[in-house]
Amino acid sequence: MQKAVEEPPLERLTDVVDDHRGAHRPEEKDPSAARTSGAPPPYDKRFGAEQLSPGDSVVTLGSKARAGGPHFTRPPLYKQTPSVRVTSDHGPTDAKTSSGQGAISNPWTECPQAVSAVQPCSAQLEQESPEALRAEDLSDSSLDFDVTLLPELPELQNPEVPRVLHQDETTPLLMKRQMFSKNELRAANRAPFLNAIEKYQAKIVEALAGIPTASPGSPPTQMVLHNCLFQADLRTPVVHHVRFAFDHVFGDEVSDEEVYRASASNLVESTKEGRANTILMFGQTGSGKTHTMKAIEHLCAKDLFQSGCQMSLTFVELRGSRCFDLLLPHLPEVRLREQKKGDRKEESSAFVPDGAHELQVESPEALLAIFQAARHRRATSATEANDESSRSHAICTLRLGRSCSQSFATGRSGGCGGSLTLVDCAGTERRKDSANHTRERQQEGAEINASLHALKECIRFMSKGHRIPSHAFRASALTKLLATSLSSADTRLSVICTVAPAASDTEHTLSTLRTGMTLRVKAPEQDVEKEVLPNITKQRDPHPRQWSPQQVQAWLRQLEDGLFADVCSTLPAEFTGQMLVRLSEGHCVQLCGSESRGRLLFDLLHQAMRGSDSTRR
Ligand SMILES: Nc1ncnc2c1ncn2[C@@H]1O[C@H](COP(=O)(O)OP(=O)(O)OP(=O)(O)O)[C@@H](O)[C@H]1O
């Protein structure tokens with residue numbers, strides 16, 4: 001006879017977390033010893049085939065499940081909402097950086113609302129023992145259970161024993177795996193988190209009162225990300241206030257002009273002086289890279305023409321390893337060619353889009369029209385995070401011509417020969433961003449992430465002060481084209497990181513900020529203040545079987561506006577909850593004196609029992 005296994009209450013789930021964290025559990029090391037000594041076997045092993053019936057629901061927590069986590073569809077709250085932008089300058093030591101003391105907090109007060117709409121996770125398969133999984137079950141993609149596992153089959157325990165397929169085993173056992181999501185926990189406990197964030201903000205304001213800022217009027221240079229988490233017991237909230245120092249930090253209320261003035265205008269000036277400069281947009285999908293880049297293009301078009309130089313541009317997009325020319329309507333593919341050593345100033349690799357069309361531009365208006373046409377040609381598609389998500393990296397290089405009216409007039413070479421490269425990266429995506437994408441879109445997302453990973457690798461070398469090896473540049477088309485910008489001592493690079501102001505994006509935001517921070521000319525700064533909040537313990541209703549005789553009487557008297565008050569007098573004075581829960585439907589009918597009332601009492605009693613069970617989970 002197979003034994004049904006109850007879904008374990010929350011207390012047991014916390015044990016499981018400890019199990020997987022490697023807490024000291026001697027029986028785990030030797031399951032058989034645990035069984036012989038009478039101690040319970042390790043959690044996962046407790047539910048062997050011999051203990052389960054098909055359809056039993058078992059809650060397990062595996063390390064993979066926690067690492068991967070459930071997939072959620074992000075509520076499209078920050079579509080059309082402004083984002084937080086930070087900038088890091090990387091370039092020669094004369095790069096202008098401000099050093100104000102202002103600290104701002106992320107606009108997190110609205111965050112927990114942003115995670116209220118969540119969808120259950122899609123099918124996920126954790127393959128504990130590959131032999132135990134049958135091909136036909138795996139191929140059934142219509143399974144919409146969190147995890148599909150088969151019972152431990154006899155031949156796995158002893159390969160010598162010929163396999164006997166019992167009737168029960170033909171049905172795969174479906175085990176329901178309960179997942180814990182950081183976002184769900186954040187959303188469900190927003191009040192203590194908000195309280196802690198508000199207190200932290202008040203503390204900062206108080207601490208800064210009266211301290212003059214180093215450069216009044218300039219944007220703040222620090223931001224604090226409040227990472228709202230739970231400790232392993234899943235009941236103790238903890239907030240990590242992570243402070244980052246950047247060259248500039250812009251809140252959601254800051255205009256594009258201010259962003260341009262602080263993070264791009266000095267590079268435009270440097271271009272006019274004849275140097276090579278790069279502005280790179282980096283960040284999560286839907287966080288405002290293209291929005292900010294459009295504004296920069298608009299404003300730099302006017303500024304660059306003030307130099308009086310002739311201007312030309314190339315504009316290409318990178319889709320995976322392929323490069324397409326955005327200046328021509330039929331988007332011809334171009335090859336990335338490595339420049340010969342003699343043709344380049346630097347030791348390291350340098351690649352150029354071979355045969356990309358170079359257009360001469362006569363006026364700011366013409367340049368803006370070209371930008372617009374090229375942007376229309378760029379590959380975009382609607383995703384959950386963004387209605388018009390860029391599915392490619394766009395790289396526009398503006399060159400100031402060598403012959404210009406100004407240089408003839410003044411006899412100086414002026415700024416001619418300078419270049420400005422504008423790079424609008426495709427957004428970084430996490431699994432939840434692409435969970436509902438088609439196969440092609442997921443493939444596309446994987447290629448985008450791979451190229452951004454290659455970029456991060458190059459940044460890692462830069463942050464350690466090492467020369468970027470050529471294999472790091474060759475890892476993706478994006479890094480090939482950015483090789484000069486990343487490695488040349490003459491090139492100045494300004495990176496603008498955009499982050500989404502939603503609690504559900506905390507992990508993504510952290511990753512973006514850490515990448516951006518490593519590019520700072522000044523030493524990267526980051527510190528974390530951990531604040532443990534009071535434990536959140538659910539108010540549990542006592543189960544009816546724990547009721548005292550007085551509680552039984554009180555419950556009966558208030559039930560259905562006193563419909564069962566008369567039953568109290570028929571019960572013995574010492575009638576406890578333990579006795580109440582054992583009443584059968586027949587007993588209830590007998591007690592109430594009528595079938596309909598008796599049945600109703602029985603139903604209401606069982607409803608109370610179920611209600612209490614649910615508060616215990
Ligand atoms: N600072 C802002 N102010 C107002 N609207 C903004 C701001 N930033 C972004 N948006 C809006 O948010 C939406 C998404 O922005 P955008 O397309 O620039 O994101 P993205 O980071 O380029 O995304 P992807 O990587 O998917 O291409 C757009 O509708 C944009 O207008």
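Numbering of ligands and ligand atoms starts at 1, following listing order. Quick caveat: nothing in here was measured; it's all calculated off a predicted structure. Just so you know, these numbers use all the heavy atoms, side chains as well, and skip hydrogens, waters and symmetry mates.
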Checklist entry - Is it true that a side-chain atom of H393 and a backbone atom of A426 form a donor plus acceptor pair closer than 3.5 Å? => result yes
Item to check | Q284, portion touching ligand 1 at heavy-atom distance under 4.0 Å | outcome: backbone
Item to check | Any N/O pair T498/ligand 1 closer than 3.5 Å | outcome: no
Next on the checklist: What I want to find out is whether E297 reaches K294 closely enough, with some N-O distance under 4.0 Å, to be called a salt bridge.
Outcome noted: no
Next on the checklist: Check this for me - ligand 1, T290, N or O atoms closer than 3.5 angstrom, yes or no?
Outcome noted: yes
Checklist entry - Quick check, are the ring centers of F324 and F315 under 6.0 angstrom apart? => result no
Item to check | N/O separation below 3.5 Å, T292 to ligand 1 | outcome: no
Item to check | side-chain hydrogen bond (donor to acceptor under 3.5 Å, both in side chains) between D303 and Y260, worked out | outcome: CA-CA 11 Å; D303 282 358; Y260 173 76; 2.7 Å; yes
Checklist entry - For ligand 1, is there an N or O atom under 3.5 Å from any N or O atom of S287? => result yes
Checklist entry - R378 side chain to S392 main-chain N or O, any donor-acceptor pair under 3.5 Å? => result yes
Checklist entry - For atom 31 (O) of ligand 1, which candidate among K289, H291, M293, E253 provides the closest heavy atom? => result H291
Next on the checklist: As an exercise, identify every atom of ligand 1 less than 4.0 angstrom from a heavy atom of G427.
Outcome noted: 25 (O)
Item to check | Distance-only side-chain donor-acceptor flag, E358 / S312, under 3.5 Å | outcome: yes
Checklist entry - Strictly under 4.0 Å, does any heavy atom of G283 approach an atom of ligand 1? => result no
Next on the checklist: Please report whether ligand 1 has a polar contact with C425, defined as an N or O pair separated by less than 3.5 Å (distance criterion only).
Outcome noted: no
Next on the checklist: I'd like to know whether NE2 of H298 has more than 12 heavy-atom contacts from other residues, nucleotides or ligands below 6.0 angstrom.
Outcome noted: no
